Number of protein chains: 2
Amino acid sequence: MAFAETFKALADPARREILTLLKVGRMSAGEIGSHFDMTGATISYHLKILKNAELIYEEKEKNFIYYSLNTSVVEDMLLWLSDLRGDQDEKN
Amino acid sequence: MAFAETFKALADPARREILTLLKVGRMSAGEIGSHFDMTGATISYHLKILKNAELIYEEKEKNFIYYSLNTSVVEDMLLWLSDLRGDQDEKN
DNA sequence: AATCTAATTAGATATTTGTCTAAATTATAG
DNA sequence: CTATAATTTAGACAAATATCTAATTAGATT
């Protein structure tokens, strides 16, 4: 179970920012990197962690790699937190 | 804004376990510790991180310190994730 | 085939994190 | 007011994390 990995992936601000960027739609690694003051290698490192946590997936196309958000794992986080928060709002 | 702190607090499995224990009700530091194979000092360290993240709060009573879950910050996490997940289920 | 481009991998390193033992704190109970 | 109990704080340290530069891989274009 990769649940622990997912929480750890979410713990870094750069990675959360990447996920926010991907809300709009898929983006190449380079495009993602251009939003940060970090080397491509570092971006690549963060993308790998997000990928391992199954928070994003990649599609290779030409010589670009496009990344997209995988909301189904976000769904699992929501359930865990919702359960933690308790029953005061059972509609989730 | 302690939002980043909260995600980091949630990243550790022992800390998530502590939160789960507190779902049932408040518990003293020692009682919490008895559920783990760690020294009291280490439990204290984790409690401090959860407290700084405002995921729990403490009440001193006699010579015990009782910890309880603070669900309002959990609520903030839920909102962030819900927004990330997108609009396919707007009821939250 | 040679070269250029996008991205990743490898290796190094400083910082952060989780853990321990030992000491200090704080309140209760004799 | 001293001894005990619950917890935290301090200091040390190994492991994990985030970052960089340099090298490598995989495709695309000429």
Side-chain angles (χ1 to χ4, degrees), chain A residues 1-22 24-70 77, chain B residues 1-22 24-70 77:
Chain A
M1 91 113 177
F3 197 57
E5 298 254 277
T6 310
F7 268 114
K8 274 170 71 170
L10 250 10
D12 186 88
R15 290 195 292 263
R16 287 197 303 277
E17 182 66 27
I18 290 172
L19 295 177
T20 300
L21 285 173
L22 294 180
V24 177
R26 74 176 198 173
M27 214 175 260
S28 71
E31 231 178 321
I32 292 168
S34 73
H35 287 78
F36 295 89
D37 186 23
M38 290 172 187
T39 66
T42 299
I43 294 297
S44 200
Y45 163 79
H46 286 306
L47 289 173
K48 190 200 282 201
I49 286 174
L50 288 170
K51 199 169 32 162
N52 288 154
E54 295 179 273
L55 281 162
I56 60 174
Y57 60 88
E58 66 179 28
E59 297 164 295
K60 295 176 204 233
E61 208 165 297
K62 296 188 67 180
N63 53 345
F64 292 85
I65 301 178
Y66 289 98
Y67 287 92
S68 308
L69 203 57
N70 178 6
M77 295 294 102
Chain B
M1 90 116 178
F3 197 57
E5 298 254 277
T6 311
F7 268 113
K8 273 170 73 170
L10 251 8
D12 185 86
R15 290 193 294 263
R16 287 196 304 277
E17 184 65 27
I18 291 172
L19 295 177
T20 300
L21 286 173
L22 294 181
V24 177
R26 75 176 196 173
M27 212 175 262
S28 71
E31 231 180 322
I32 293 168
S34 73
H35 286 80
F36 295 89
D37 187 23
M38 290 173 186
T39 65
T42 300
I43 294 297
S44 197
Y45 162 78
H46 286 306
L47 289 172
K48 191 201 280 198
I49 286 173
L50 288 169
K51 200 171 31 165
N52 287 154
E54 295 180 274
L55 280 161
I56 61 176
Y57 59 90
E58 65 179 29
E59 298 163 292
K60 296 175 204 234
E61 206 164 298
K62 300 188 62 181
N63 52 344
F64 292 86
I65 301 177
Y66 290 97
Y67 287 94
S68 308
L69 203 56
N70 178 4
M77 295 292 102

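Numbered from 1 within each chain, the chains take letters A, B, ... in sequence-line order. Quick note: numbers below take in every heavy atom, side chains included, and nothing from hydrogens, waters or symmetry partners. Bear in mind the structure is a predicted one, so any value in this text is a computation, not a measurement.
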Would you indicate whether the side-chain heavy atoms of [Y] and [X] approach each other to under 4.5 Å?
X: A/Leu69; Y: A/Tyr57; value: no
X: B/Ile49; Y: B/Leu55; value: no
X: B/Ile65; Y: B/Glu59; value: no

Could you tell me how far apart [X] ([atom1]) and [N] ([atom2]) are, to the nearest whole angstrom?
X: B/Asp37; N: C/dT19; atom1: CG; atom2: P; result: 10 Å
X: B/Ile18; N: C/dG18; atom1: CD1; atom2: P; result: 11 Å
X: B/Met27; N: D/dT7; atom1: CE; atom2: C1'; result: 17 Å
X: A/Leu50; N: D/dT17; atom1: CG; atom2: P; result: 14 Å
X: A/Phe7; N: C/dT17; atom1: CZ; atom2: P; result: 17 Å
X: A/Ile49; N: D/dA16; atom1: CD1; atom2: P; result: 13 Å
X: B/Arg16; N: C/dG18; atom1: CZ; atom2: C1'; result: 14 Å
X: A/Met38; N: D/dT17; atom1: CE; atom2: P; result: 16 Å

With a cut-off of less than 4.0 Å, is there a side-chain N or O of [X] near OP1 or OP2 of [N]?
X: B/Lys62; N: C/dT26; value: no
X: B/Lys8; N: C/dT17; value: yes
X: B/His46; N: C/dT19; value: yes

| task | Take A/Lys51 and A/Tyr67 through the test side-chain contact (heavy atoms from CB on, under 4.5 Å) and record every step on the way to the result. | result | CA-CA 9 Å; A/Lys51 199 169 32 162; A/Tyr67 287 92; 4.3 Å; yes
| Do the side-chain N and O atoms of B/Glu61 and B/Tyr66 include a donor-acceptor pair separated by under 3.5 angstrom? |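 Not at all, the side chains of B/Glu61 and B/Tyr66 share no donor-acceptor pair under 3.5 Å.
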| task | Say whether, by atom type as modelled, one donor and one acceptor occur between the side chain of A/Asn70 and the main chain of A/Glu54 under 3.5 angstrom. | result |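 Flag set: sc A/Asn70 to bb A/Glu54 pair under 3.5 Å.
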| Looking only at atom types and distance, does a side-chain atom of A/Arg15 sit under 3.5 Å from a main-chain N or O of A/Lys8, one as donor and one as acceptor? | yes
| remark: Counting primed atoms, P, OP1 and OP2 as sugar-phosphate and everything else as base, the B/S/- map of nucleotides 3-14 of chain C against protein heavy atoms under 4.0 Å is --BSSBB-----
